[in-house]
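Everything on this sheet refers to the single structure shown next.
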Amino acid sequence: MSVDQTTVRRIAKLARIKVSEDAVPALEGELNAILEWIEMLNEVDTKGVQPMTAVVETAMKKRDDVVNKGGIPDDIMANAPASEDHFFMVPKVVE
Amino acid sequence: MSKLTELTIAAAREGLRAKSFTATELTKDYIEAVEKARILNAFVHETPDLALEMAKASDERLAKGDGGALEGIPLGIKDLFATKGVHTQACSHILDGFKPTYNSTVTQNLFDDGAVMLGKLNMDEFAMGSSNETSYYGNVINPWRREGSNAALVPGGSSGGSASAVAAHICAGATATDTGGSIRQPAAFTGTVGIKPTYGRVSRWGVVAFASSLDQAGPIARDVRDSAIMLGSMASVDDKDTTCVDRPVPDYEAALTGDIRGLRVGIPREYRVEGMPADIDALWTSGAEMLKARGAEIVDVSLPHTKYALPAYYIVAPAEASSNLARYDGVRYGLRVEGDDITDMYEKTRAEGFGAEVKRRIMIGTYVLSAGYYDAYYVKAQQIRTLIKKDFDDAWSDVDVMLTPATPSAAFAPGEITDPVQMYLNDIFTVTVNMAGLPGIALPAGLSHDGLPLALQLIGRPFDEETLFRTAHVIEQDAGFTARPQAWW
């Protein structure tokens, strides 16, 4: 499988990365070189093989369902580029 | 007295306990060494005042006869680990100005044991790279140079700052992380010792995530004993990371008995790749002979799916990265580039904030997870991962540990490898270990024909870091690797 320039633009949109028109051909080439190399995996017969979900077989740890830390809005907001009254500020999203 | 920076962690520990010198004296020597070595670009943020404050507290504890396992030992911390109130940016532009309000579990463990932080270490952006050429803060330089040459070499990556700093003796040891080889490959390029523990041995809490099913933290240190001391402090049980296992941390130093009689050492035949340099092949053979001479049994083993590990990794790791890095959107932390609307802001922030390699991997990851391609790529790669792990599981019935080369070459020059796939091939011997969640250690065992360090890798059973340390220690003793880079900086 390979990607064309339309697909490159679509992936960039999905990934929320602005890609200028003149950068598309180079990206197309780079992504296809990687995808072409990955094609090697088609040599392997994986019929009936379970996809891996965890490298170490252990029971999922569960914490007690209690509040163990909280009340730290100042800490949470400390690195925000824009905030007001413990809210993150973003450009208007609803009219 | 010779310079205090020449002491290993183990030797400095003895000196501090015997009160031959203070933690403050030791720390001052390191601060001076860091300042003198700025041309290496190993540190992206130095914390001398904090270091002296921590050293003073260590001296007070040592005076009372108290002190933890790393009391007063000056370390470098990879920029991927959250450090409270201190620069933590994964060496990316997108995390500009980020200062966490908490410590990662690993740094907290180290500080609880008395370690002193000298600063934050350079790395490939978001740990994506094998040469430390993708950092927003510029390339790290390897203290080693080819014999008779002044040309710069890369320190490997992504933990290039950690490896360079340890090799140059500008910190006693360093934290590092390994997703596909990022501890072991830079350790190999700089003549240092690096161990990637079993997945789940060290908490990932507070470590900037790259590929969560593969990421694991570990130390880079000057020798095997120092690595054992550091891992003993970094590893812990941690409820804040559900993949961190509930197993007590063994006394790794106690594993260095020098006795490997009866140990079965596997030589995986698939690691003998086409075009392997003669000096690496010879190093591998001599490593096996050393172990045999100490009473180990050498066993030929097969890991048939080895060659598929790297391409499968370049599906799994970018897929996980594209999800993990979705959080960098200019809203909660780091860089924000204003736009016409919120989507425009996201897109401009991410376009400016991420470097070329990170963008490439996010895009590959987005593609392989997109509708219609998920089964063909992601599921296929996870099936291959099952087969890779099964190769190892089958081999463990015949062997206790495996011996391989750590890298397919010695350190190369900046700009020498520009093709992404060629760069990825650096991890060909290390990546299988991440895909199967196993522990692996790289240690120097000889020099190339042009005077650069070459390393061997030992791969162990899950949670059997002790056998790795014991075996590595024997190779270290018998290989007698004492070469040091000349201090040209």
Side-chain angles (χ1 to χ4, degrees), chain A residues 1 3 7-8 10-20 23 26-27 30-31 33-64 68 72 74-83 88-93, chain B residues 97-99 101-102 198-200 213 239 242-243 245-246 305 307-308 311-312 314-315 322 326 329-336 338-339 341-343 345-348 350-351 354 359-360 362-364 366-367 370 373 376-377 379-387 389 419-421 436-437 462:
Chain A
M1 277 176 271
V3 293
T7 312
V8 170
R10 187 174 62 88
I11 301 169
K13 194 80 197 161
L14 286 171
R16 295 284 185 267
I17 296 174
K18 183 146 292 207
V19 172
S20 64
L27 265 173
E30 288 168 11
L31 298 185
I34 297 167
L35 292 170
E36 193 184 311
W37 172 62
I38 289 171
E39 290 290 304
M40 189 205 302
L41 299 180
N42 292 330
E43 295 168 17
V44 187
D45 181 7
T46 50
K47 210 179 291 167
V49 177
Q50 280 298 313
M52 177 175 279
T53 49
V55 282
V56 177
E57 284 167 33
T58 44
M60 178 78 162
K61 282 203 289 194
K62 295 178 196 71
R63 279 193 302 236
D64 292 336
N68 50 26
I72 50 164
D74 288 343
D75 278 9
I76 290 165
M77 306 307 297
N79 283 285
S83 67
F88 294 107
M89 302 286 282
V90 295
K92 195 169 169 185
V93 286
Chain B
F98 183 61
K99 288 189 175 71
T101 52
Y102 53 87
T198 312
Y199 184 81
S213 78
D239 285 339
T242 51
T243 62
V245 295
D246 284 325
H305 296 91
K307 76 166 176 172
Y308 302 110
Y314 275 96
I315 293 173
S322 79
D329 56 6
V331 175
R332 285 156 296 167
Y333 28 63
L335 182 74
R336 171 186 289 200
E338 299 299 343
D341 54 31
I342 194 161
T343 305
M345 181 202 85
Y346 292 152
E347 291 183 344
K348 282 181 174 158
R350 290 163 65 80
F354 292 134
K359 283 184 205 169
R360 196 151 44 223
I362 290 175
M363 289 185 70
I364 285 282
T366 303
Y367 177 65
S370 64
Y373 298 101
Y377 287 114
V379 173
K380 179 89 180 175
Q382 292 291 54
Q383 286 174 316
I384 287 171
R385 216 170 153 187
T386 298
L387 295 173
K389 181 163 189 295
D419 174 50
V421 174

- Contact origin within B/T242 toward chain A - heavy atom pairs under 4.5 Å: both
- Task: Start with the C-alpha distance between A/L35 and B/Y377, add both sets of side-chain angles, then the distance that settles side-chain contact (heavy atoms from CB on, under 4.5 Å), and finish with yes or no.
- Result: CA-CA 10 Å; A/L35 292 170; B/Y377 287 114; 3.8 Å; yes
- Item | From CA spacing to verdict: side-chain contact (heavy atoms from CB on, under 4.5 Å), B/T366, A/I17 | CA-CA 11 Å; B/T366 303; A/I17 296 174; over 6 Å; no
- Give the minimum heavy-atom separation between B/G330 and A/P81, together with the two atoms involved. O-CG, 3.5 Å
- Message: I'd like to know which of A/P51, A/A54, A/A15, A/A80 tops the heavy-atom pair count under 4.5 Å against chain B.
- Response: A/P51
- Contact origin within B/A312 toward chain A - heavy atom pairs under 4.5 Å: both
- Message: Quick check: closest heavy atoms across A/D45 and B/L387, and the distance to 0.1 Å?
- Response: O-CD1, 4.4 Å
- Message: Which atoms of B/D239 are under 4.5 Å from chain A, going by heavy atoms: the side chain, the backbone, both sets, or neither?
- Response: both
- For the residue pair A/V55 and B/K389, what are the closest heavy atoms and their distance? O-CE, 2.9 Å
- Message: Report which part of A/V93 has an atom under 4.5 Å of a heavy atom belonging to chain B: side chain, backbone, both, or neither.
- Response: side chain
- B/Y373 to A/R10 - nearest heavy-atom pair and separation: CE1-NH2, 4.2 Å
- For A/T53, is it the side chain, the backbone, both, or neither that has a heavy atom closer than 4.5 Å to a heavy atom of chain B? neither
- Message: Filter on ring-ring contact (aromatic ring centres under 6.0 Å, His included), then keep only pairs touching residues 35-55 of chain A, sequence neighbours left out; what's left?
- Response: A/W37-B/Y314
- Enter the distance from A/M77:CE to B/T101:OG1 here, rounded to the nearest 0.5 Å. 12.0 Å
- Where on A/K13 is there a heavy atom nearer than 4.5 Å to chain B: the side chain, the backbone, both, or neither? both
- Message: Please enumerate all residues that pass side chain to side chain contact (heavy atoms under 4.5 Å, CB included) together with A/E36, with sequence neighbours excluded.
- Response: none
- Item | Heavy-atom closest contact (A/K18 atom, B/A351 atom, distance) | O-CB, 3.4 Å
- Task: Say whether, by atom type as modelled, one donor and one acceptor occur between the side chain of A/N79 and the main chain of B/K99 under 3.5 angstrom.
- Result: yes
- Can you tell which part of B/V379 gets under 4.5 Å to a heavy atom of chain A, answering side chain, backbone, both or neither? both
- Hey, are the side chains of A/V3 and B/Y367 touching, using non-hydrogen atoms and a 4.5 Å cut-off? yes
- Verify side-chain contact (heavy atoms from CB on, under 4.5 Å) between A/I76 and B/R332, making sure each step is shown before the conclusion. CA-CA 8 Å; A/I76 290 165; B/R332 285 156 296 167; over 6 Å; no
- Residue, of A/Q50, A/K62, A/R63, that accumulates the most heavy atom pairs under 4.5 Å with chain B: A/Q50
- Side chain, backbone, both or neither: which part of A/L14 has an atom under 4.5 Å from a heavy atom of chain B? both
- List the atom of A/M52, the atom of B/T386, and the distance in Å for their closest heavy-atom pair. N-OG1, 3.1 Å
- Query: Judged by atom type as modelled, is there a donor-acceptor pair below 3.5 Å linking the side chain of B/K380 to the main-chain atoms of A/V44?
  - Reply: yes
- Message: Using a strict threshold of under 4.0 Å (side-chain N to carboxylate O), is an ion pair present between B/K307 and A/E43?
- Response: yes
